[in-house]
Amino acid sequence: MPVTLATWNINSVRLRAGLVTELLRQEAPDILCLQECKSPVDKIPLEIFHNIGYRHIAARGEKGYNGVAILSKLPMEDAGDLNFAKLGQARHVAGRLEDGTVIHNFYVPAGGDVPDREKNPKFGQKLDYVADMQKHFGADRPHRSILVGDLNIAPREDDVWSHKQLLKVVSHTPVETEALNAAQEAGGWVDVTRQDIPDGQLYSWWSYRSPDWNAADKGRRLDHIWATPDLASGASGSRILREVRGWEKPSDHAPVFATFDI
DNA sequence: ATGGTCGACTTTCGA
C-alpha cells in the first residue's frame with residue numbers, strides 16, 4: 001500500500017493552523033510530521049485536523065518553543081520520545097503504524113550563530129544531540145523505520161546556495177555535516193530525498209530576512225526524510241513544495257514529501 | 001562587518 005508522508009517545520013502551529021489544513025486538503029498526505037509547533041499539546045487545534053481525517057496524533061510540546069507532532073490518517077499509536085543531549089525539550093516524538101513501521105519526527109537544535117562550542121553552548125548542544133542520534137541508532141539498528149524532520153543541517157554541497165560561503169555558517173560547517181553523516185551511517189539510514197533526486201541544488205528553507213527569497217534563492221536543505229533500506233527500496237515520488245514558501249504568512253520552511261510502499 | 005525578518009514566555013530571545 002502506498003503511504004505518502006510529509007515533513008514541515010511550521011513555525012507556530014497555532015498561527016498557521018490554516019496553512020496546515022490547506023496543505024492537508026490540497027496534497028492529502030497520509031501522514032504529516034510537524035516541527036516548531038511552539039505550543040503545549042493541549043493548545044494545538046487538533047480537532048481541526050481530526051475533522052478533516054487526521055484522527056491519529058502523537059505530539060510533544062512546550063510553551064513557546066520547539067514542539068513536534070505527527071498527524072496521521074492511518075491508525076498510529078504513540079511510540080514514545082527520545083531525550084537526546086539531556087535537553088528535556090520537545091524535540092522528538094515517534095509513532096507506530098499497525099504493521100509495525102515506526103516514524104521518528106525530530107527537531108534538531110539550531111545551534112546558535114557561532115560555530116564554536118567553547119564560545120557558544122548552543123552549538124555544543126547541537127553537536128551532542130546529533131552524537132546521541134548516532135549512538136542511539138547505532139546501538140539499536142532500526143528496521144522498517146522512517147526518520148524525518150528539521151535536522152538543521154544541510155549536509156551536501158548542493159544542499160546550500162553556496163558551499164564555499166556557508167562553510168563557516170552554522171548548518172553547513174564540516175563538524176556538523178560530518179556528525180550528521182555519521183549519525184545517518186550508524187543507523188543505516190538512506191537519504192530518501194536524495195535517492196529520488198540525486199542531482200542539483202535542492203533547498204527546503206529560505207530565511208525570512210531575504211527581501212526577495214524566491215529570486216535571491218539563497219536556500220538550504222535543512223529538512224530531511226530518511227528510511228531504513230527495507231523501506232527506502234520501495235520509496236518514490238520525493239518532492240519539496242517550494243510554492244508553499246510563497247503562501248501568505250508562510251513558514252520559512254517548505255514541506256518535503258515522499259511515498260513509501262508499506 | 002552589519003543588518004535584514006519572523007514568532008513568542010515581547011520591553012528580549014531564539015531562529
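Order of the sequence lines fixes the chain letters, A, B, ..., with proteins taken first and strands second; residue numbering starts at 1 for each chain.
- Two residues, A:Lys122 and A:Pro250, neighbour DNA chain B, and the one matched to the more 5' nucleotide by heavy-atom proximity is A:Pro250.
- Atoms CD (A:Glu62) and C1' (B:dA8) sit 12 Å apart, rounded to a whole Å.
- Contact annotation: A:Lys63 does not reach the phosphate of B:dA8 (side-chain N/O to OP1 or OP2, under 4.0 Å).
- Whole-Å rounding puts the A:Leu15 CG to B:dT10 P distance at 16 Å.
- Note on A:Lys249: every side-chain N or O is 4.0 Å or more away from OP1 and OP2 of B:dC6.
- Of the listed nucleotides (B:dG14, B:dC6, B:dA15), B:dA15 has the atom at the smallest distance from the side chain of A:Glu36.
- A distance-only check finds no donor-acceptor pair linking the side chain of A:Arg220 to the backbone of A:Ser171 [under 3.5 Å].
- B:dC13 and B:dG3 have their P atoms separated by 16 Å, given to the nearest Å.
- Side-chain atoms of A:Arg209 and base atoms of B:dA15 include a donor and an acceptor less than 3.5 Å apart.
- To the nearest whole angstrom, the two C1' atoms, one in B:dT10 and one in B:dA15, are 15 Å apart.
- Look at CG on A:Asn66: it is 9 Å from C1' on B:dG14, rounded to the nearest Å.
- If you take CG of A:Asp212 and C1' of B:dG4, they are 14 Å apart, rounded to a whole angstrom.
- The distance from atom CG of A:Asn152 to atom P of B:dG14 is 15 Å, rounded to the nearest whole Å.
- To the nearest angstrom, C1' of B:dG3 lies 18 Å from OH of A:Tyr208.
- Taking atom C1' on both B:dC9 and B:dG4, the two are 25 Å apart, rounded to the nearest angstrom.
- Remark: P of B:dG7 and OH of A:Tyr65 are 15 Å apart, rounded to the nearest angstrom.
- When each of A:His253, A:Lys38, A:Gln35 is paired with A:Asn11, the side-chain contact (heavy atoms from CB on, under 4.5 Å) condition holds for A:Lys38 and for no other.
- Here A:Lys86 does not pair with A:Asp128 in a salt bridge; the nearest charged N to carboxylate O distance is not below 4.0 Å.
- The 5' end of DNA chain B is approached more closely, in terms of each residue's nearest nucleotide, by A:Ser210 than by the other of A:Ala110 and A:Ser210.
- Surrounding CD of A:Glu77 are more than 12 heavy atoms belonging to other residues, nucleotides or ligands, all under 6.0 Å away.
- Taking the charged nitrogens against the carboxylate oxygens, A:Asp191 and A:Arg156 have no contact shorter than 4.0 Å, which rules out a salt bridge.
- Rounded to whole angstrom, the span from the NE2 atom of A:His172 across to the P atom of B:dA15 amounts to 21 Å.
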